[in-house]
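Some notes on the structure that comes next.
Note that the structure is predicted; figures quoted are calculated from it, not measured. Note on naming: letters A, B, ... go to the chains in the order of the sequence lines (proteins, then strands), and numbering restarts at 1 for each one.
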Protein chains: 2
Amino acid sequence: MTGATLAALDRVLEVTVLLGRDMTTSLAAEGLTVARTTLLWRLRAAGPSTQRALADALGVSARNVTGLVDGLAGAGLVTREPHPTDRRATLVTPTARAERLLEEMAAGQAQLADQLFGGLAPDRLDGLVAALDEVLERLRALVPGGAAAEETP
Amino acid sequence: MTGATLAALDRVLEVTVLLGRDMTTSLAAEGLTVARTTLLWRLRAAGPSTQRALADALGVSARNVTGLVDGLAGAGLVTREPHPTDRRATLVTPTARAERLLEEMAAGQAQLADQLFGGLAPDRLDGLVAALDEVLERLRALVPGGAAAEETP
DNA sequence: CTACACCGTGAAGGAGCTTCACCATATCGG
DNA sequence: CCGATATGGTGAAGCTCCTTCACGGTGTAG
């Protein structure tokens, strides 16, 4: 019974590779990287956040967030504001330009979704989503920290 | 009609993230990295290859392959043999240990596939594979170099 | 007020990736 | 046969992402 499941895993892995390549190049065209964009995306969902909170949300070290924020700040996409009550912390805040950019990226994502899945028969699409949900459930149980759900960028 | 397709893309992206995390940690447990393993995997499929051929197959620069091979050679997983006819080129060859390791990894992959997709109803599984094939077709057309098929690691 | 915990960052380092320059070898055209 | 040109691999330099460790500034609990 290995055959069919292996075929499925193969497909998923290939999708992973191609999708990753597409994302990387698309972002590079706008001078962004995947890591920085992930942070930005999280910021859009959560609003101004502490670097510590961002580190936990992205599942990376606090030190790394410092570097990512440095880059984004250099690109004029975020600013570091003082935290109103905790003087140790800084609030990372997206700029207006960042919000405009995120808007565009969300639109682009919806367009990509239609491009990839729009041609599927509706019941096929539903089956795909349902199947992936089942797989995700098992995957989350398998991967440590799989429950940490930050909106998929 | 954006809703359903976006839901599908979300699922796919999350699977991507979790699967990537699983692969990275699993490999790290054996002292390997994704990039080096990809090269090794390609080597298993293609047999001893010149670094140039590997660079083209993986879609990375020749210089990068030098580094990856350095690492693998340091771990005793590949050796650099002189090319029989072209004295400029070197043939990267997997060691016996590497082939044993690749065997194990293939088994682990099959096991993972069963774990993730084994519980699905057979028709659901078939639908999933068919849907992903459709998506892959569009994706390959979308991504430059998407036709470059190296077995998915 | 004194521990202790916590936030952010400097320092150092590893992996992956790139481009540019360079040498050794191959190959092609005259 | 030989000079021009293309090709294979690597040193040098540099970027991003990521880590751990150390440390100073700040909050907090006893």
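- By the side chain to side chain donor-acceptor pair (under 3.5 Å) test, A:T16 is found to be paired with B:T16, residues two or more places apart in sequence or in another chain being considered.
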Contact state string [nucleotides 14-25 of chain C, B base, S sugar-phosphate only, - no protein heavy atom under 4.0 Å]: -SSBBB----BB

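- Considering only residues two or more places apart in sequence or on other chains, A:R100 meets the salt bridge (charged side-chain N to carboxylate O under 4.0 Å, His left out) condition with none of them.
- On the nucleic acid side, DNA chain D contacts chain A at distances under 4.0 Å to non-hydrogen atoms, with the end points of that region at D:dT16 to D:dG27.
- Taking both residues in full, the closest heavy atoms of B:A130 and A:R124 are given as CB-NH2, 3.4 Å, listed atom of the first, atom of the second, then distance.
- Not counting sequence neighbours, the partners of A:D86 by the salt bridge (charged side-chain N to carboxylate O under 4.0 Å, His left out) test are A:R88.
- Every salt bridge (charged side-chain N to carboxylate O under 4.0 Å, His left out) that B:R52 has, sequence neighbours left out, goes to B:D56.
- Annotation: proximity of residues 72-84 of chain B to DNA chain C (heavy atom, distance under 4.0 Å) is found for no residue.
- Taking the side-chain contact (heavy atoms from CB on, under 4.5 Å) definition, one finds that B:A107 meets it with nothing, sequence neighbours left out.
- Within the structure, the salt bridge (charged side-chain N to carboxylate O under 4.0 Å, His left out) test picks out no pair touching residues 28-39 of chain B (sequence neighbours left out).
- Contact check, A:T90 against C:dG8: a side-chain N or O comes under 4.0 Å of OP1 or OP2.
- Residues satisfying the side-chain contact (heavy atoms from CB on, under 4.5 Å) test with B:V129, not counting sequence neighbours, are A:A8, A:R11, B:L125, B:D133.
- For A:R138, the salt bridge (charged side-chain N to carboxylate O under 4.0 Å, His left out) partners two or more places apart in sequence, or in a different chain, are A:E134.
- Residue pairs meeting the salt bridge (charged side-chain N to carboxylate O under 4.0 Å, His left out) criterion with at least one partner in residues 71-82 of chain A, sequence neighbours excluded, are A:D70-A:R80.
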